[in-house]
Amino acid sequence: MQMRVIIVGGVAGGASAAARLRRLNEEAEIILFEKSGFVSYANCGLPYYIGGEITDPDALTLQSPESFHTRFHIDVRVRHEVMSLLSEAKVITVKNLETGKMLQMSYDKLILASGAKPIDPKIPGTKGDRFFTLRTVEQTMAIRNFVTTHKPKKAIILGGGYIGLEMAENLSAMGVNPTIINLSDHVMQQMDADMASEVHAVLRSHKVKLFLNDTITSFETTENGVLANLDSGQVVSADMVILAIGVTPDTRLAKKAGLRLGAKDAIQVNEHMLTSDPDIYAVGDAVEVVHFISKKPSVIPLAGPANKQGRIAADHLCGVPSLYSGTQGSSVMKLFDRTVALSGITEEYAKANGIAFDKAVIYSFSHATYYPGATGMVIKTLFNPEGGKILGVQIVGHDGVDKRGDIFATAIRAGLTAHDLTTLELCYAPPYSSAKDPVNMVGFVIENLLNGTVKQFHWDEVDELTRNPNVTLLDVRTPAEFAQGHIEGAQSIPLDELRERLDEVDASKPIYVNCHSGLRSYLACRILQQRGFVCFNLSGGYQFYHTILADRTQNQKKSFQ
């Protein structure tokens with residue numbers, strides 16, 4: 001079928017749409033305009049070039065204009081910015097950024113893949129060669145060149161999202177000491193605050209300074225660097241600044257063309273990625289999506305969904321009835337020696353959107369503990385209290401986190417329940433897993449909660465319980481563990497002595513039991529419940545409680561220097 005398709009934007013969604021379109025239609029004239037000097041580049045890999053993990057800059061670009069033309073016969077024009085879109089006339093105006101020349105071009109179909117742009121923090125003093133954002137290859141090169149040329153010792157990173165944390169790691173690798181300044185009480189807003197405490201601990205262990213619940217009111221550039229004046233009254237000095245408070249949909253063209261916009265001014269599309277104009281599609285970070293769990297309009301800028309949306313738009317344009325069924329926010333991030341994986345909803349999201357949920361926190365090992373190198377991971381899982389359907393997961397750990405994150409993401413997409421997790425037959429050998437994989441263990445724990453085998457309590461209930469004379473707090477760890485730290489007022493009876501010392505436990509009061517991770521306290525609850533005691537198990541154990549408590553104590557300090 002002969003037609004002209006113009007694609008605006010050549011990164012994840014646009015490049016994916018262009019390649020898929022050619023595979024489906026050999027005769028279409030396909031023209032792709034990209035404002036930057038590169039197309040089909042690995043946006044998510046940019047921080048790792050700065051840090052030296054990726055050494056070849058050519059590796060950042062998956063295709064070039066020349067390779068696109070050679071392989072797909074697609075006309076790719078970089079350094080060309082689409083200035084206007086006249087949807088009724090089906091005409092765009094394009095500016096050649098190299099020559100300044102303007103041209104008009106008609107289209108039969110148009111795909112908007114304009115992506116997102118960094119949010120301008122609107123802070124006085126952000127001009128100058130020490131201030132950077134990170135979104136394009138050109139900006140990546142500028143940061144890398146500054147670091148290698150000027151050898152900065154300290155960097156301020158404004159914002160604690162994916163880019164901010166990845167830049168903290170990669171600047172550290174280059175010998176630059178980072179300070180993260182974050183407006184909310186925790187980094188990674190895609191996580192709950194309790195799980196973010198694990199991330200805070202990782203950052204601080206690698207000498208990353210954190211200023212939480214704080215922001216910068218102004219910058220001052222001096223001969224020696226930059227001074228950041230904080231809302232708290234503190235002043236932080238640095239040699240360079242990364243502005244990374246997030247991104248917003250770049251929908252300037254769509255707005256001028258009168259396309260229907262939704263949340264955060266993102267472009268509204270249907271399940272085929274078709275906009276309110278029947279000849280214009282939109283994909284990627286610029287579009288509003290349906291949240292897979294809540295079914296509510298959302299803006300979730302991620303590379304995986306953008307690529308899939310580009311393919312779906314090309315499919316529908318060519319008559320293939322592909323559908324986009326929503327975004328669940330699956331992601332994974334390397335953070336120094338740890339990995340963070342997420343999928344589905346958080347506790348904060350569930351509360352804000354009226355979604356019924358319960359939660360379970362477990363510690364588990366990456367593989368059989370008798371095989372060398374086993375490392376721990378903490379897994380927080382949200383589930384529907386009626387039936388146990390898995391709603392969301394957050395994992396922080398070392399090895400094997402990405403694998404479990406993918407399994408949970410699949411479980412959420414497939415609508416699996418906790419019982420289904422217990423039945424999964426996952427690949428097992430001692431170097432890779434345990435006979436009962438951490439995913440299976442999450443299923444067992446939730447199943448026990450649903451059928452009443454065990455009752456639980458959570459870290460945020462502990463303080464009130466310590467002030468309640470009508471309950472008993474019981475710690476079943478070893479005396480050595482207890483001596484290293486324990487919940488205030490807790491009675492110490494090691495698990496292996498519990499049966500012989502039941503007469504020391506007041507049967508007239510409910511018993512709130514903790515151990516290190518939640519396993520021994522679960523066993524203690526089974527002993528106690530079968531002897532008539534009312535018993536509750538601390539989800540995540542003392543380790544999770546202590547991590548959160550230590551983090552909150554650190555956050556309350558007036559200075560983090």
Side-chain angles (χ1 to χ4, degrees), residues 43-51 53 116-123 126 130-136 139-140 142-144 146-147 152 154-193 195-216 219 226 228 230-231 236-248 285 299-303 329 331-342 346 394 396 551 554-555 560:
N43 195 288
C44 299
L46 300 181
Y48 301 101
Y49 175 72
I50 294 169
E53 288 289 324
K117 57 186 178 181
I119 295 173
D120 182 356
K122 299 188 183 336
I123 298 172
T126 56
R130 295 179 183 270
F131 295 84
F132 302 92
T133 56
L134 181 60
R135 189 71 184 171
T136 67
Q139 292 166 339
T140 304
I143 297 172
R144 172 75 181 183
F146 184 89
V147 172
K154 296 186 291 183
I156 290 171
I157 300 171
L158 181 58
Y162 291 109
I163 292 296
L165 298 190
E166 289 169 352
M167 283 303 301
E169 175 185 359
N170 284 281
L171 287 173
S172 293
M174 295 293 289
V176 185
N177 297 317
T179 295
I180 294 175
I181 300 170
N182 197 62
L183 181 61
S184 72
D185 65 352
H186 67 282
V187 301
M188 289 290 290
Q189 289 301 294
Q190 300 84 355
M191 303 183 74
D192 286 317
M195 287 296 289
S197 295
E198 299 278 344
V199 177
H200 295 169
V202 174
L203 291 168
R204 289 181 175 126
S205 72
H206 288 86
K207 304 189 184 332
V208 177
K209 298 173 183 176
L210 294 178
F211 286 81
L212 304 174
N213 280 320
D214 212 341
T215 190
I216 298 172
F219 287 102
V226 176
L230 273 58
D231 188 56
V236 180
S237 64
D239 303 305
M240 63 184 297
V241 177
I242 306 293
L243 302 173
I245 61 172
V247 296
T248 186
D285 294 353
V299 177
I300 308 175
L302 291 169
S331 63
V332 66
M333 178 181 66
K334 177 182 178 296
L335 188 63
F336 295 99
D337 58 344
R338 308 294 172 85
T339 300
V340 181
L342 315 167
T346 63
Q394 302 163 58
V396 180
D551 180 52
Q554 186 75 12
N555 293 345
F560 300 92

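- Between Thr140 and Ile50, the closest side-chain pair of non-hydrogen atoms falls below 4.5 Å.
- Once rounded to the nearest 0.5 Å, the distance linking CE of Met333 with CD of Glu169 reads 8.5 Å.
- Scanning all heavy atoms of the two residues, the minimum distance from Gly329 to Leu302 falls at CA-CD1, 3.8 Å.
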Problem set entry | Worked check of side chain to side chain contact (heavy atoms under 4.5 Å, CB included) between Ile143 and Met167 | CA-CA 10 Å; Ile143 297 172; Met167 283 303 301; 4.2 Å; yes

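- When every heavy atom of Phe211 is checked against every heavy atom of Leu230, the shortest pair comes out as CD2-CD2, 3.5 Å.
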Exercise. Does the side chain to side chain contact (heavy atoms under 4.5 Å, CB included) test come out yes or no for Tyr48 and Lys334, once each step is laid out?
Worked result: CA-CA 10 Å; Tyr48 301 101; Lys334 177 182 178 296; 4.0 Å; yes

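- Taking the side chain as every heavy atom from C-beta outward, Ile156 and Ile216 approach each other to under 4.5 Å.
- Residues Leu203 and Leu335 form a side-chain contact, since some pair of their non-hydrogen atoms from C-beta on lies under 4.5 Å apart.
- Formation of a donor-acceptor pair under 3.5 Å by the Asp239 side chain with backbone atoms of Lys154 is found in this model.
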Problem set entry | Derivation of the side chain to side chain contact (heavy atoms under 4.5 Å, CB included) call for Phe336 and Ser205 | CA-CA 10 Å; Phe336 295 99; Ser205 72; over 6 Å; no

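- The distance from atom CD1 of Ile245 to atom CG of Leu183, rounded to the nearest 0.5 Å, is 9.0 Å.
- A distance of 11.0 Å separates NZ of Lys209 from CD1 of Ile181, quoted to the nearest 0.5 Å.
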For this session: Show your working on side chain to side chain contact (heavy atoms under 4.5 Å, CB included) between Val147 and Leu171 and close with a plain yes or no.
Result: CA-CA 8 Å; Val147 172; Leu171 287 173; 4.0 Å; yes

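- Side chains of Glu198 and Val340 form no contact here, defined as non-hydrogen atoms less than 4.5 Å apart.
- Between Pro301 and Val247, the shortest heavy-atom distance links the atoms CG-CG2, 4.1 Å.
- Judged purely by atom type and a 3.5 angstrom limit, Lys117 has no side-chain atom pairing as donor or acceptor with the backbone of Ile119.
- Tyr162 is listed as a side-chain neighbour of Met188, based on a closest heavy-atom distance under 4.5 Å.
- Between the side chain of Gln190 and the backbone N or O of Leu342, no donor-acceptor pair lies under 3.5 Å.
- Interatomic distance, Glu53 CD to Asn170 CG, rounded to the nearest 0.5 Å: 7.0 Å.
- Considering all non-hydrogen atoms of both residues, Gln189 and Ser184 come closest at NE2-OG, 2.5 Å.
- Pro178 approaches Ala168 most closely through the heavy-atom pair CG-O, 3.6 Å.
- A distance of 7.5 Å separates OG1 of Thr136 from CG of Leu134, quoted to the nearest 0.5 Å.
- Side-chain contact between Thr346 and Met195 is absent, with no heavy-atom pair separated by less than 4.5 Å.
- Side chains of Val199 and Leu165 form a contact here, defined as non-hydrogen atoms less than 4.5 Å apart.
- Between His186 and His200, the ring-plane angle classifies as tilted under the 30° and 60° cut-offs.
- Taken to the nearest 0.5 Å, the OG1 atom of Thr133 stands 12.0 Å off from the CG atom of Leu158.
- A pairwise comparison of heavy atoms in Gly159 and Asn182 identifies C-OD1, 3.8 Å as the closest pair.
- With a 4.5 Å cut-off on side-chain heavy atoms, Leu243 and Pro118 do not count as touching.
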